[in-house]
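The structure appears below as structure tokens.
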Amino acid sequence: MIKIRHTGIVTRNLNKSLFFWQELLGFKQVNSQLESGSLIDAVLGYKNVIVRTIKLKDKKNNLIELLYFKNSPNFSKKKVKPYTPGYTHISVTVKNISKIHNILKKNNIKFNSNPQITPDKKHKMTYCKTPEGAFLELVQEL
């Protein structure tokens, strides 16, 4: 493996997700496209896919890809918990966790706790719920 290219996040509310990732966390949009056709059908495993993909980049060039399906198949909605099997969260390192925590809370983002200092006293961290239903782990190196 050379590197992780991006993290894909499926959203049901594109505007809410864009506000969260761009306005609250400072990611910038670098690409937006409507994808359909035989290639995307084959890769995703269902026919007649129509998906808006938006790539967002932070100051360190880390990429998030939001995917908004205009015609996704029915699925059973499962609530994701921090301990749910499978992928549950993205972890980002931040400079000032208290500042970001306050900004997100003012915008009604739900947290499991206030920022906590780890037992080794090397980090301060917390989890918040993203608009897509997963978790974002915020970590400040002390």
Side-chain angles (χ1 to χ4, degrees), residues 1-37 39-46 48-142:
M1 185 178 320
I2 297 169
K3 68 177 182 174
I4 293 177
R5 186 175 180 85
H6 66 260
T7 301
I9 304 170
V10 175
T11 181
R12 289 184 161 256
N13 186 326
L14 191 54
N15 290 333
K16 193 173 183 180
S17 293
L18 285 169
F19 180 78
F20 179 80
W21 292 101
Q22 289 183 291
E23 302 302 320
L24 300 180
L25 295 176
F27 280 74
K28 303 293 182 209
Q29 186 172 315
V30 294
N31 183 289
S32 175
Q33 62 186 45
L34 192 61
E35 297 185 49
S36 63
L39 171 68
I40 197 76
D41 287 0
V43 170
L44 295 181
Y46 77 94
N48 303 314
V49 174
I50 302 172
V51 60
R52 166 74 54 201
T53 59
I54 299 176
K55 292 232 176 44
L56 305 167
K57 187 187 305 187
D58 70 5
K59 291 178 183 175
K60 298 284 187 177
N61 292 323
N62 296 302
L63 285 173
I64 299 284
E65 180 182 48
L66 296 177
L67 297 98
Y68 176 74
F69 289 89
K70 298 192 178 227
N71 64 340
S72 63
N74 292 332
F75 64 93
S76 63
K77 186 174 180 180
K78 154 179 116 169
K79 286 194 171 199
V80 175
K81 302 285 185 189
Y83 46 84
T84 302
Y87 297 106
T88 59
H89 73 278
I90 298 169
S91 181
V92 297
T93 302
V94 299
K95 285 184 183 178
N96 186 333
I97 196 168
S98 296
K99 180 179 177 183
I100 292 173
H101 177 260
N102 288 337
I103 290 168
L104 294 175
K105 281 199 63 115
K106 285 179 187 173
N107 283 276
N108 298 314
I109 302 300
K110 304 293 182 216
F111 283 82
N112 290 351
S113 71
N114 289 326
Q116 306 288 312
I117 295 176
T118 58
D120 64 7
K121 310 263 190 265
K122 292 183 180 180
H123 303 91
K124 199 174 200 181
M125 51 94 59
T126 190
Y127 268 43
C128 69
K129 195 80 163 178
T130 70
E132 303 81 25
F135 289 91
L136 179 65
E137 179 182 20
L138 303 171
V139 179
Q140 178 183 335
E141 296 172 348
L142 299 176

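For the side-chain hydrogen bond (donor to acceptor under 3.5 Å, both in side chains) test, residues two or more places apart in sequence or in another chain that qualify with D58 are N62. Not counting sequence neighbours, the partners of E35 by the side-chain hydrogen bond (donor to acceptor under 3.5 Å, both in side chains) test are Q33, T53. The side chain to side chain contact (heavy atoms under 4.5 Å, CB included) test applied to H123 returns T118, D120, V139, E141, not counting sequence neighbours. Among residues two or more places apart in sequence or in another chain, the side chain to side chain contact (heavy atoms under 4.5 Å, CB included) test is passed with N114 by H101, Q116. With sequence neighbours excluded, the residues forming a ring pair (Phe, Tyr, Trp, His ring centres under 6.0 Å) with H89 are Y127, listed by chain and number. Partners of K124 according to the salt bridge (charged side-chain N to carboxylate O under 4.0 Å, His left out) rule, which considers only residues two or more places apart in sequence or in another chain, do not exist here. Partners of Y68 according to the ring pair (Phe, Tyr, Trp, His ring centres under 6.0 Å) rule, which considers only residues two or more places apart in sequence or in another chain, do not exist here. Evaluation of the side-chain hydrogen bond (donor to acceptor under 3.5 Å, both in side chains) rule for S91 yields E137 as partners, not counting sequence neighbours. With sequence neighbours excluded, the residues forming a side chain to side chain contact (heavy atoms under 4.5 Å, CB included) with L39 are V43, listed by chain and number. Taking E65 as the reference, K55 meet the salt bridge (charged side-chain N to carboxylate O under 4.0 Å, His left out) condition, with sequence neighbours excluded.
In this structure, the separation between CG on L66 and CG on L56 is 5.0 Å, given to the nearest 0.5 Å. To the nearest 0.5 angstrom, K70 atom NZ is 8.5 Å from L14 atom CG. Atoms CG and CD1, from L34 and I40 in turn, are 10.5 Å apart once rounded to the nearest 0.5 Å. The CG atom of L138 lies 11.0 Å from the CD1 atom of I90; values are rounded to the nearest 0.5 Å. For the atom pair CG of N71 and CD1 of I50, the computed distance is 4.5 Å after rounding to the nearest 0.5 Å. Note that the CD1 atom of I54 and the CD1 atom of I9 stand 12.0 Å from one another [nearest 0.5 Å].
Residue pairs satisfying the salt bridge (charged side-chain N to carboxylate O under 4.0 Å, His left out) criterion with at least one member in residues 95-114, sequence neighbours excluded, are absent. Pairs passing the side-chain hydrogen bond (donor to acceptor under 3.5 Å, both in side chains) check and including a residue from residues 18-28, sequence neighbours excluded, read W21-E132.
The two residues C128 and F20 have their closest heavy-atom pair at SG-CZ, 4.3 Å. For the residue pair P115 and T126, the shortest heavy atom distance occurs at CA-CB, 3.9 Å.
The shortest distance between side-chain heavy atoms of F135 and K129 falls below 4.5 Å.
S17 places no side-chain N or O within 3.5 Å of a backbone atom of P131 that could act as its donor or acceptor partner. Side-chain N or O atoms of N107 include none that pairs as donor or acceptor with a backbone N or O of L24 at under 3.5 Å.
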I100 and L25: CA distance, side-chain angles, deciding distance, side-chain contact (heavy atoms from CB on, under 4.5 Å) verdict: CA-CA 8 Å; I100 292 173; L25 295 176; 4.2 Å; yes
task: Test side-chain contact (heavy atoms from CB on, under 4.5 Å) on V30 and L63 and set out the steps.
output: CA-CA 9 Å; V30 294; L63 285 173; 4.1 Å; yes
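Counting non-hydrogen atoms of neighbouring residues, nucleotides and ligands closer than 6.0 angstrom, the CD1 atom of I4 reaches no more than 12 such neighbours.
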